[in-house]
Trainee: 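I have a structure here, written as structure tokens, and I will follow up with some questions on it.
Side chains included, hydrogens not; waters and symmetry mates left out as well; all remaining heavy atoms used.
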Amino acid sequence: MSSIHPTAIVDPGAQLGQDVEVGPYSVIGPNVKVGDGARIHPHVVLDGWTTIGAKCEIFSFACIGTQSQDLKVKGARTFVEIGDGTTLREYVTVNSGTTEGEVTRVGSGCHILACAHIAHGCVLGNGVIMVNGSLLAGEVIIEDQATVGALTGIHQFVRIGRMCFVGGMSRITQDCPPFMIVVGIPPEVPGINSVGLTRKGVSPESQARLKDAHRLLCRSGLSTRQAIEKIRGEAALCPEVEYLIAFIEKSSRGIVK
């Protein structure tokens with residue numbers, strides 16, 4: 001059975017699952033769906049066409065599903081989707097899309113820490129961590145299990161690769177390759193994300209091959225295309241290096257090196 005504080009305002013059109021907790025003074029709009037077991041702390045705003053997954057926890061003063069800040073907004077129906085088991089801490093903002101049908105999506109098991117911002121049309125995979133004050137402009141893609149450090153700004157249309165660690169107070173205007181550490185202004189790639197890869201079960205052999213790929217990409221003086229050709233020429237590419245190559249070849253903004 002759900003628990004709704006008497007001072008909360010929940011529109012009759014909102015759909016709340018089983019065992020949802022809504023704290024004092026929170027406001028839930030008519031087109032919001034909240035999954036089973038979610039906890040909405042005091043003073044939260046859930047607006048727009050927003051779906052909150054099961055067992056999510058949203059802390060005070062977060063605003064989820066509010067209108068995009070894009071100046072091109074024309075009143076289209078747009079959406080926000082938050083996956084199961086995701087935590088959104090205090091003062092987090094997640095804006096809805098801009099164009100008709102556009103979805104801003106945050107995956108399952110993510111941790112979005114206080115004062116982070118996710119703009120219109122962003123897509124976050126599963127297990128993503130955004131640390132305090134990190135900011136995403138529109139249409140950013142963050143792949144599974146990547147981390148964005150505190151006070152880091154990500155330019156629109158940038159992609160952050162799987163298991164990438166973006167260090168705090170960085171300014172990111174190009175794609176960040178998967179499995180790497182990216183940090184600084186201007187950003188650099190000092191090495192692979194060895195701590196994160198080990199924690200996530202990537203084998204020492206694969207990490208060694210990723211280190212070789214990093215050396216060719218970032219320290220050899222070769223162009224990106226030349227480095228990829230040289231990496232491909234080496235025997236026994238592991239799945240992680242193959243994924244790295246595919247990510248780079250899809251990049252339209254170029255990669256941080």
Trainee: Would the number of heavy atoms belonging to other residues, nucleotides or ligands and lying under 6.0 Å from CD of Glu57 be above 12?
Mentor: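 More than 12 heavy atoms, drawn from other residues, nucleotides or ligands, come within 6.0 Å of this atom.
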Trainee: Please report the closest heavy-atom contact between Gly149 and Val131, naming both atoms and the distance.
Mentor: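 It is C-CB, 3.8 Å.
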Trainee: Flag the pair Met130 / Leu124 as yes when at least one side-chain heavy-atom distance between them is below 4.5 Å, and no otherwise.
Mentor: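 Yes; the side chains approach each other to less than 4.5 Å.
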Trainee: Same cluster or not: are Ile129 and Tyr91 linked, directly or through other Ile, Leu, Val, Met, Phe, Trp or Tyr residues, by side-chain heavy atoms under 4.5 angstrom apart?
Mentor: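 No; tracing contacts between hydrophobic side chains, which count when under 4.5 Å, never links both residues.
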Trainee: Could you state the interatomic distance from OG (Ser223) to CD1 (Ile228), rounded to the nearest 0.5 Å?
Mentor: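 Rounded to the nearest 0.5 Å, the OG-CD1 separation comes out at 8.5 Å.
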Trainee: Distance only, no hydrogens: is a donor on one side chain within 3.5 Å (strictly under) of an acceptor on the other, for Asn126 and Gln145?
Mentor: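 No donor-acceptor contact under 3.5 Å links the two side chains.
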Trainee: Between CD1 of Ile142 and SG of Cys122, what distance do you get to the nearest 0.5 Å?
Mentor: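 With rounding to 0.5 Å, CD1 (Ile142) is 7.0 Å from SG (Cys122).
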Trainee: CG of Leu151 to OG of Ser134: how many Å apart, nearest 0.5 Å?
Mentor: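 With rounding to 0.5 Å, CG (Leu151) is 8.0 Å from OG (Ser134).
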Trainee: Are Ile248 and Val241 connected, step by step, through hydrophobic side chains (Ile, Leu, Val, Met, Phe, Trp, Tyr) whose heavy atoms are closer than 4.5 Å?
Mentor: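 Linked, Ile248 and Val241 end up in one cluster.
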Trainee: Using a 4.5 Å cut-off on heavy atoms from C-beta on, say whether the side chain of Val183 contacts that of Val189.
Mentor: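 The answer is no; the side chains never approach within 4.5 Å.
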Trainee: So do the side chains of Leu46 and Ile40 get within less than 4.5 Å of each other, counting heavy atoms only?
Mentor: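 Yes, close enough: below the 4.5 Å cut-off.
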Trainee: Atom CD1 of Ile255 and atom NZ of Lys250: how far apart are they, to the nearest 0.5 Å?
Mentor: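 Between atom CD1 of Ile255 and atom NZ of Lys250 there are 14.5 Å.
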Trainee: Shortest non-hydrogen contact from Ala54 to Asp84?
Mentor: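 Between these two residues, the closest heavy atoms are N-OD1, 2.8 Å.
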Trainee: Side chains of Asp36 and Asp19: closer than 4.5 Å at any heavy-atom pair?
Mentor: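 No, their side chains stay 4.5 Å or more apart.
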Trainee: Carefully, step by step, assess Gln174 and His155 under the rule side-chain hydrogen bond (donor to acceptor under 3.5 Å, both in side chains).
Mentor: CA-CA 8 Å; Gln174 291 182 297; His155 194 279; over 6 Å; no
Trainee: Any side-chain to backbone donor/acceptor pair from Glu143 onto Pro178? Under 3.5 Å, distance only.
Mentor: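 Not a single qualifying donor-acceptor pair exists.
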Trainee: Check step by step if side chain to side chain contact (heavy atoms under 4.5 Å, CB included) holds for Thr104 and Glu81.
Mentor: CA-CA 6 Å; Thr104 303; Glu81 297 176 358; over 6 Å; no
Trainee: State, to 0.1 Å, how close Val182 and Pro187 come at their nearest heavy-atom pair, and which atoms those are.
Mentor: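 Closest approach of Val182 to Pro187, heavy atoms only: CG1-CB, 3.9 Å.
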Trainee: With no hydrogens and no angle check, is any side-chain donor or acceptor of Ser26 less than 3.5 Å from a backbone partner on His41?
Mentor: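 Checked: pair present.
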Trainee: So Val166 and Thr147, side chain to side chain contact (heavy atoms under 4.5 Å, CB included) or not? Walk me through it.
Mentor: CA-CA 6 Å; Val166 181; Thr147 297; over 6 Å; no
Trainee: Do other residues, nucleotides or ligands put more than 12 heavy atoms under 6.0 Å from Arg253 CZ?
Mentor: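 Enclosed: over 12 neighbouring heavy atoms sit under 6.0 Å from CZ of Arg253.
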Trainee: Within a strict 4.5 Å, meaning less than it, do heavy atoms of the Thr87 and Ile112 side chains meet?
Mentor: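 No - every pair of side-chain heavy atoms lies 4.5 Å or more apart.
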Trainee: Asp144 side chain to Met163 main-chain N or O, any donor-acceptor pair under 3.5 Å?
Mentor: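 It does not hold such a pair.
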Trainee: Any ion pair linking Arg232 and Glu249 (charged N to carboxylate O, less than 4.0 Å)?
Mentor: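 Looking at Arg232 together with Glu249, the answer is yes, because their closest N to O distance falls below 4.0 Å.
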Trainee: Does a donor on one side chain sit under 3.5 Å from an acceptor on the other, for Thr98 and Ser68?
Mentor: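 Yes, because at least one side-chain N or O of Thr98 sits under 3.5 Å from a partner of the opposite role on Ser68.
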Trainee: Counting only heavy atoms not in Gln207, do more than 12 fall under 6.0 Å of its CD?
Mentor: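 Yes, because the 6.0 Å sphere around CD of Gln207 holds more than 12 heavy atoms from other groups.
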Trainee: What closest approach, in Å, do Ala38 and Gly53 show between heavy atoms, and which atom pair accounts for it?
Mentor: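 Heavy-atom minimum between the residues: CB-O, 4.1 Å.
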Trainee: Between the side chains of Ser220 and Gln226, is a donor N or O closer than 3.5 angstrom to an acceptor N or O?
Mentor: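 The criterion, which ignores hydrogens and geometry beyond distance, is not satisfied for Gln226 and Ser220.
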Trainee: Ignoring hydrogens and geometry beyond distance, is a side-chain donor-acceptor pair present between Ser60 and His43 at under 3.5 Å?
Mentor: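 On atom types as modelled, these side chains do not qualify, holding no pair under 3.5 Å.
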Trainee: Decide salt bridge (charged side-chain N to carboxylate O under 4.0 Å, His left out) for Asp175 and Arg159; before the verdict, give the C-alpha distance in whole Å, the side-chain angles of both, and the deciding distance to 0.1 Å.
Mentor: CA-CA 5 Å; Asp175 295 345; Arg159 295 184 305 150; 3.4 Å; yes
Trainee: What's the spacing between His117 NE2 and Cys63 SG if we round to 0.5 Å?
Mentor: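 The SG atom of Cys63 is 11.5 Å from NE2 of His117, to the nearest 0.5 Å.
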Trainee: Would you mind reporting whether Leu244 and His214 have side-chain heavy atoms less than 4.5 Å apart?
Mentor: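 Sidechains of Leu244 and His214: no contact.
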Trainee: Tell me whether the NZ or CZ atom of Arg162 lies within the 45° cone about the ring axis of Tyr243 and under 6.0 Å from its centre.
Mentor: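 Satisfied, under 6.0 Å and within 45°.
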Trainee: For a side chain to side chain contact (heavy atoms under 4.5 Å, CB included) check, start with the C-alpha distance between Phe79 and Arg105, then their side-chain angles and the critical distance, and finish with the verdict.
Mentor: CA-CA 8 Å; Phe79 302 88; Arg105 182 176 291 111; over 6 Å; no
Trainee: Should Phe157 and Ile172 be counted in the same cluster of Ile, Leu, Val, Met, Phe, Trp and Tyr side chains packed under 4.5 Å apart?
Mentor: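 In one cluster: no.
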Trainee: Taking atom CZ as the centre, does Phe61 end up with more than 12 heavy-atom neighbours from other residues, nucleotides or ligands that are less than 6.0 angstrom away?
Mentor: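 Yes, because the 6.0 Å sphere around CZ of Phe61 holds more than 12 heavy atoms from other groups.
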Trainee: Check whether Val45 and Ile58 end up in the same hydrophobic cluster, where Ile, Leu, Val, Met, Phe, Trp and Tyr are linked by side-chain heavy atoms less than 4.5 Å apart.
Mentor: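 No, no single cluster joins them.
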Trainee: Go through the steps to decide whether Ile64 and Leu88 satisfy the test side chain to side chain contact (heavy atoms under 4.5 Å, CB included), and finish with yes or no.
Mentor: CA-CA 9 Å; Ile64 313 302; Leu88 306 172; 3.6 Å; yes
Trainee: With the side chain counted from C-beta on, respond yes when Leu210 and Phe179 share a heavy-atom pair under 4.5 Å apart, and no when they do not.
Mentor: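 Result yes, sub-4.5 Å side-chain heavy-atom pair found.
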Trainee: Would you name the heavy atoms of Ala119 and Ala137 that are closest together and state the gap between them?
Mentor: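 Answer, listing the atom of Ala119 first, then Ala137: CB-C, 3.6 Å.
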Trainee: Any side-chain donor-acceptor pair under 3.5 Å between Thr66 and Asp47?
Mentor: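 No.
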Trainee: If we count only N and O atoms by modelled type, under 3.5 Å, do the side chains of Glu240 and Ser206 hold a donor and an acceptor together?
Mentor: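 Ser206 and Glu240 do have a side-chain donor-acceptor pair below 3.5 Å.
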Trainee: Does Ile118 reach the side chain of Val106, with side-chain heavy atoms less than 4.5 Å apart?
Mentor: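 Ile118 reaches Val106 side chain to side chain.
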Trainee: Would you find a donor on one side and an acceptor on the other, under 3.5 Å apart, between the side chain of Thr7 and the backbone of Pro24?
Mentor: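 It does not hold such a pair.
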Trainee: Checking side-chain polar atoms at under 3.5 Å, does Asp70 have a donor or acceptor matched by the opposite partner on His120?
Mentor: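 Their side chains do contain a donor-acceptor pair, which is all the 3.5 Å distance test asks for.
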Trainee: Looking only at heavy atoms, which two atoms of Ser96 and Thr78 are closest? And how far apart?
Mentor: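 For Ser96 versus Thr78, the nearest heavy atoms are OG-OG1, 2.5 Å.
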Trainee: May I ask whether Leu113 and Val128 are part of the same hydrophobic cluster, defined by side-chain heavy atoms of I, L, V, M, F, W, Y residues being less than 4.5 angstrom apart, directly or through others?
Mentor: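 Different clusters.
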Trainee: Do Thr152 side-chain atoms and Met169 backbone N/O form a donor-acceptor pair below 3.5 Å?
Mentor: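 Yes: the side chain of Thr152 pairs with the backbone of Met169.
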Trainee: Does one side chain, of Thr50 or Lys33, offer a donor that lies under 3.5 Å from an acceptor on the other?
Mentor: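 There is no such pair (donor and acceptor under 3.5 Å, judged by atom type) between the side chains of Thr50 and Lys33.
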Trainee: Just verifying a value: how many Å separate Arg199 CZ and Asn193 CG, rounded to the nearest 0.5 Å?
Mentor: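 With rounding to 0.5 Å, CZ (Arg199) is 9.0 Å from CG (Asn193).
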